[in-house]
Engineer: 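Following this message is one structure expressed as structure tokens.
All values derive from a computational prediction rather than experimental measurement.
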Amino acid sequence: MTPPATVSDSLQALIDMAREVGLLVSTPQDGTELLEQLPHEEMVSACHESRVGKLLPRAFYVHRSALESLPLPLRLYEAYAATEVEQLEQTTLVKFSLTHPQLSYLSYPDFDANPHPALVQSILVNLQQKTVSQRNYHSSENPPILHRKETFVQENYPGYEQFVTLTQQEEQLGLLDNTRHIGTRANWQRYLQDMGVEIQGHQLIRRETHNPLKASIERHRAAMVRHDLSRPIKLALEAGLLTPETSTFDYGCGYGGDVKRLNERGIVTQGWDPYYQPDTPLEPAGFVNLGYVINVIEDPQERREALQNAWQLTQDVLLVSAQVLVGDRDEGELVYGDGVVTQRGTFQKYYEQEELKAYIDGVLGVDSLPLGLGVYGVFRNLEQREAFRVSRLRSRTQTPRVRVSVQRFEEYQEALQPLMQFFGDRGRLPKPTELPEEADIVDIFGSVRRAFRVVLQATDEAEWEEICERRRQELLIYLALTALGDRPRFSDLDLAIQYDIRAFFGNYKQALMAADLMLYGLGSLERLGKLCDRSEIGQRSSRGLLVHASAFDELDPLLRLYEGCASQTIGRMDDTTLIQFHTQRPKISYFYCPDFDAKAHPIIKTIMQIDLQDLRVRRYEYELFENPFILHKKEELVTPDYPNYDRFRRLTQQEQKWGLLDNPEAIRRYRPWLKCLQDHGAEVRGHRVYWRKDVDPYQKRVIEAQKKSKLKL
């Protein structure tokens with residue numbers, strides 16, 4: 001890419017405008033100089049602020065007819081890129097990348113006439129690298145196509161109303177729910193055929209066709225006989241969403257296993273199922289469970305209706321779960337619509353984890369929260385939703401121990417205990433009416449503040465300050481994460497959270513500024529890498545930092561926010577043992593090691609990775625792998641107060657003396673580790689190293705001599 005020989009009048013006008021408002025201080029000669037004065041982050045912010053165009057997680061799209069309505073930074077970026085591209089009149093859309101300083105010109109020649117036009121040509125302009133590349137789709141049998149055309153143009157665009165009407169028809173039938181599998185022409189046409197519809201002009205028409213595959217689907221056979229509570233219900237119980245005071249309804253209960261077991265626990269529950277329990281009245285309830293229902297309905301419109309019907313019955317919380325992360329599917333399954341027909345004659349829609357949240361939020365117009373993989377909670381009350389969010393991020397703390405004998409404290413210690421517990425929970429003193437025991441405390445001490453001064457005399461004030469700072473950081477993490485979804489208004493927050501914000505930050509605006517600054521820190525992998533280097537907990541490698549889940553709350557707040565971007569959007573893997581913070585790419589990994597405590601060098605049986613750039617989830621199973629990854633130096637992964645910490649540390653000291661850990665990269669897997677033990681004449685039993693019984697005497701003398709030599713060094 002070379003700088004333009006002359007600046008066009010239109011570009012010069014944009015430059016003058018930008019200098020007047022302070023965006024530019026001088027005239028950039030090319031895209032590189034433009035980036036120096038107008039960083040890519042400014043362009044990304046402008047994409048989010050634009051009132052026209054289609055914003056997706058990684059890119060922003062707009063029709064060329066609407067360019068003049070874009071914020072000034074976007075117009076400048078496009079104008080500089082346009083100087084390098086010929087025949088712009090043939091392009092239809094402009095695509096601004098949110099991850100790199102580049103944009104693309106996309107050509108859809110039949111954009112106006114075709115309800116779902118196909119991409120013919122793409123021209124990529126990289127402003128930083130000064131390159132222009134082109135890709136043609138003329139001969140492609142399955143090119144990318146467009147949906148929701150009205151989102152790219154302004155409301156006065158010719159045909160806008162037609163575009164809107166078609167999109168509404170397609171949404172009503174659920175045709176646009178599965179965006180990942182309808183993005184190309186062949187997949188879209190097959191999907192329309194399976195659903196028995198066709199598009200003529202910009203109108204959706206149902207075709208009366210007999211599909212023998214659809215007729216063979218028997219939904220009721222997907223119901224499972226359970227001998228315990230289902231996983232989603234267990235998660236709801238652990239999260240405190242289900243109590244004996246909660247009215248509960250199971251929508252699509254199947255055989256009714258959850259209904260029976262919840263009633264046995266004293267939680268009054270009713271269940272309805274179209275096949276097994278069709279006569280149960282559909283009645284509203286505080287808690288409604290839609291467990292593994294939407295993934296067995298083959299008709300997209302009926303699937304949406306099931307979700308909407310369950311939501312209509314919900315007074316407080318709707319729990320939605322579906323099958324996700326299925327790796328190997330059975331041979332012989334037949335593709336149908338956006339799922340498969342199994343050998344049992346049932347339909348299964350296998351959701352990607354990030355796709356499931358987008359589907360729930362899109363159909364219901366909500367911001368659902370993950371309880372676990374494939375399980376989301378939808379809250380009627382915004383205050384309850386935000387209080388639940390905060391509770392998921394709050395770590396457990398113990399009130400400081402009594403260190404000094406203070407007569408007044410000892411005399412009224414029982415009365416002071418609720419106040420100490422409150423401060424430990426929230427990091428601040430209670431406001432009026434927040435503490436039920438406030439009247440008794442005031443009667444004794446005159447005020448809550450005076451009572452807490454007595455507490456400070458008997459305990460270590462620095463420990464209370466640590467609790468206060470921990471709660472402040474946790475609140476910051478929560479507020480930063482709200483920027484990734486539907487950020488609540490201050491009035492939407494629970495009153496206790498409002499009090500927290502005022503106590504720690506003064507007002508909501510200041511709190512959000514601090515939270516956004518914290519979130520901005522995640523943009524630098526170099527900074528995250530330095531935090532990993534300085535961490536006193538965990539194992540550092542070129543890949544990142546690996547820590548035990550029990551030590552998570554002791555990490556730097558920015559690292560906890562980094563992980564929160566994954567767990568608070570997608571959810572953690574069940575029974576997560578270890579968490580890895582990647583420093584080469586924005587990514588979080590969860591490890592499952594069921595024998596972490598019992599075995600000296602446990603095997604990593606499962607790894608789940610969440611890519612934070614596109615929220616794609618990948619899962620790797622090593623349980624039957626012949627040469628799986630194993631762990632060493634387990635004490636580095638946990639805190640010193642972890643059970644068996646000393647046992648782990650003594651084992652590592654022994655192995656270091658034997659020279660077993662001299663080459664860490666070579667012993668990451670099981671087989672090389674066995675060979676290393678054999679080469680050193682050693683074996684591990686329990687958490688101790690012993691000589692092998694069959695070790696050669698000469699080899700033993702050589703190894704012992706090497707060990708003594710190492711000790712001298």
Engineer: Can you measure from OG1 (Thr184) to CG (Asn142) and round to the nearest 0.5 angstrom?
Structural biologist: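 Here the rounded value is 3.5 Å.
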
Engineer: Which pairs of donor and acceptor atoms, one on a side chain in residues 46-57, lie under 3.5 Å apart (sequence neighbours left out)?
Structural biologist:
residue	atom	partner	partner atom	Å
Ser50	OG	Val52	N	3.3
Ser50	OG	Val52	O	2.7

Engineer: Decide, yes or no, whether a salt bridge links Arg619 with Glu621 under the criterion of side-chain N to carboxylate O below 4.0 Å.
Structural biologist: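 Yes, this pair counts.
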
Engineer: Between Arg618 (side chain only) and Gln609 (backbone N and O only), is there a donor and an acceptor less than 3.5 Å apart?
Structural biologist: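 A pair under 3.5 Å: no.
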
Engineer: Going by heavy atoms in the side chains, are Leu307 and Val320 under 4.5 Å from each other?
Structural biologist: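 Yes, close enough: below the 4.5 Å cut-off.
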
Engineer: Taking the six-membered ring for Trp and the single ring otherwise, decide whether the centroids of Tyr622 and Phe625 are under 6.0 Å apart.
Structural biologist: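 Distance test on ring centres: under 6.0 Å, yes.
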
Engineer: Check the side chains of His582 and Ser589 for a donor-acceptor pair under 3.5 angstrom, ignoring hydrogens and angles.
Structural biologist: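 Yes, because at least one side-chain N or O of Ser589 sits under 3.5 Å from a partner of the opposite role on His582.
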
Engineer: Sequence neighbours excluded, which residues qualify as side chain to side chain contact (heavy atoms under 4.5 Å, CB included) partners of Ala13?
Structural biologist: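 Side chain to side chain contact (heavy atoms under 4.5 Å, CB included) check on Ala13 returns nothing, list empty.
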
Engineer: Could you grab the distance from atom OH of Tyr108 to atom OG of Ser122, nearest 0.5 Å is fine?
Structural biologist: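 Here the rounded value is 8.0 Å.
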
Engineer: For Trp311, what residues pass the ring pair (Phe, Tyr, Trp, His ring centres under 6.0 Å) criterion, not counting sequence neighbours?
Structural biologist: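 Trp311 satisfies ring pair (Phe, Tyr, Trp, His ring centres under 6.0 Å) with no residue once adjacent residues are dropped.
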
Engineer: Do Thr167 and Val164 have side chains that approach each other closer than 4.5 Å (heavy atoms only, starting at C-beta)?
Structural biologist: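 Result no, sub-4.5 Å side-chain heavy-atom pair not found.
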
Engineer: Tell me the side-chain hydrogen bond (donor to acceptor under 3.5 Å, both in side chains) pairs involving residues 36-47, sequence neighbours left out?
Structural biologist: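 Passing the test, one end in residues 36-47: Ser26-Gln37.
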
Engineer: Tell me every residue that passes salt bridge (charged side-chain N to carboxylate O under 4.0 Å, His left out) with Glu526, counting only those two or more places apart in sequence or in another chain.
Structural biologist: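 Result, salt bridge (charged side-chain N to carboxylate O under 4.0 Å, His left out) vs Glu526: Lys530.
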
Engineer: Any non-hydrogen side-chain atom of Glu170 less than 4.5 Å from a side-chain atom of Arg148?
Structural biologist: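 The answer is no; the side chains never approach within 4.5 Å.
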
Engineer: Only counting residues at least two apart or in another chain, list the ones meeting side chain to side chain donor-acceptor pair (under 3.5 Å) with Thr576.
Structural biologist: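 Here no residue qualifies.
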
Engineer: Over all heavy atoms of both residues, which pair between Val62 and Ala66 is shortest? Give the atoms and the distance, please.
Structural biologist: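 Residues Val62 and Ala66, closest heavy atoms: CG2-CB, 3.8 Å.
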
Engineer: Heavy-atom distance under 4.5 Å between the side chains of Met608 and Tyr592, does that happen here?
Structural biologist: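 The answer is no, as the side chains (C-beta and beyond) never meet within the 4.5 Å cut-off.
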
